[in-house]
Amino acid sequence: MTAAAPATAGEKTAALVASVEDLRVHFELKAGVLHAVDGVSFDIADGETLGLVGETGCGKSVTARSFLRLIPTPPGRYAGGRIRFWPKEARQSGGEPVDLLQVPTSDMLDIRGNRIAMIFQDPGKALNPALPIREQVAEVFYQHRTEDLLEAWNGRAPRPIRRAASQRAGKLERLAFKFPPLRSQSKRLKRRVDELVGDALAETQIHNPRKIMASYPHELSGGMKQRVMIAQALACNPDLLIADEPTTALDVTIQARILELIRELQHAHQTSVLYISHDLSLVRRICDRIAVMYAGRIAEIGTTQQVFHDPRHPYTQGLLAAVPSFAHRRGELAAIEGTVPELIDPDPSCRFHTRCAFATDICGRVDPVLDGRVAGRPVACHGYASPEELGVAAAELPHLDRSPA
Ligand code: SF4
């Protein structure tokens, strides 16, 4: 199959960089099977920023980490579905995608940090406290950019240096670096690494990259650490950048600068971005399209404009109504009644039915599917389903045009 985007309304008509189809990620727990992600589907078009929003525990991060197979198995299990990924060459030549859940581990090691990179929520935890910044950013070049490191030798680097540039140097070779002429060659390699790491850090507008390279993570502020993570993530010019709540651990003023930086670098590198957040105002500023998640499933997908100005799913409507505004009377805060359901061995039903003001009997018996035929864009709600396909009378379906009870 080639990388052609679906023609569903609200979807971009462009080449796809990734397509998630019916992804199911379950966790085997003592109490039963936790359906953390249960039938999630969405596409990411080339060059777009897709926001994946939802409250804590709705499965956003599990979905994101599945792209890089970072879910510990066990207790986790990829119970179904696929994540197709089109690397740049496949997009340009109309070639076949790879299924990220099926590729051999050796191929996944090449994809991680190279074709798909991730910025984690807390840079303080993601960076190694025992290594200077230089070593941590240099690792990406040693792992994936051996040719860049050896550029200065024009293909004539001695074998030990070639091995050192790919981090495969053995003990003997490392010993040999102490003696001329290999000593001068290894110095040249170090200078090249310094150059590439310095450039990567400078791109994230870090002042004095040389000084930062020699620092340890605990010597840097939160914003600075996140810039280092961004430099590391973009060092190899990935096709897809996954940003998992990258500004949650930062204060508001730094948040704005980091967001701006991600946006600028995305344009410069022409990278697609999957932006995970629980913060609606934030995704509104940065995303082209938004997929709203609730309790392990996608509730609706649309352009940012559609989701904010014409939310179709009752959960999205509730979320937007809960955002404080000047229209609310003082002291009055809207909220969605009830709590998120238990996801251990759930029965078939709409997972929002215990909280939904429009719910009818069918909502508690049948899973709604993500369908764009009636709503004009993908929405998972029986209010947009066809009664014939469900085998019920039209009166049995929820009527979303009435006022909520
Ligand atoms: Fe779910 Fe029914 Fe409410 Fe739609 S109307 S969100 S299907 S409970």
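If you're wondering where the values come from, they're calculated on a predicted model, not measured in any experiment. Just the heavy atoms: all of them, side chains too, but no hydrogens, waters or symmetry mates, feed the values below. Ligands are counted one by one from 1 in listed order, and the atoms in each one are counted from 1 as well.
The minimum heavy-atom distance between Glu337 and Arg355, with the atom names listed, is O-NE, 2.9 Å.
At a threshold of 4.0 Å, the pair Arg91-Asp239 counts as salt-bridged, since one of the basic side-chain nitrogens sits closer than that to a carboxylate oxygen. Remark: Arg82 engages Glu21 in a salt bridge, criterion side-chain N to carboxylate O under 4.0 Å. Comment: Arg192 engages Glu195 in a salt bridge, judged by a side-chain N to carboxylate O separation of less than 4.0 angstrom. The pair Glu389-Arg373 meets the salt-bridge criterion, with a side-chain N (NZ, NE, NH1 or NH2) lying under 4.0 Å from an Asp/Glu carboxylate O.
For atom 3 (Fe) of ligand 1, protein N/O/S neighbours under 2.8 Å (waters excluded) are Cys356 SG.
Applying the salt bridge (charged side-chain N to carboxylate O under 4.0 Å, His left out) rule to pairs touching residues 100-113 yields nothing, sequence neighbours excluded.
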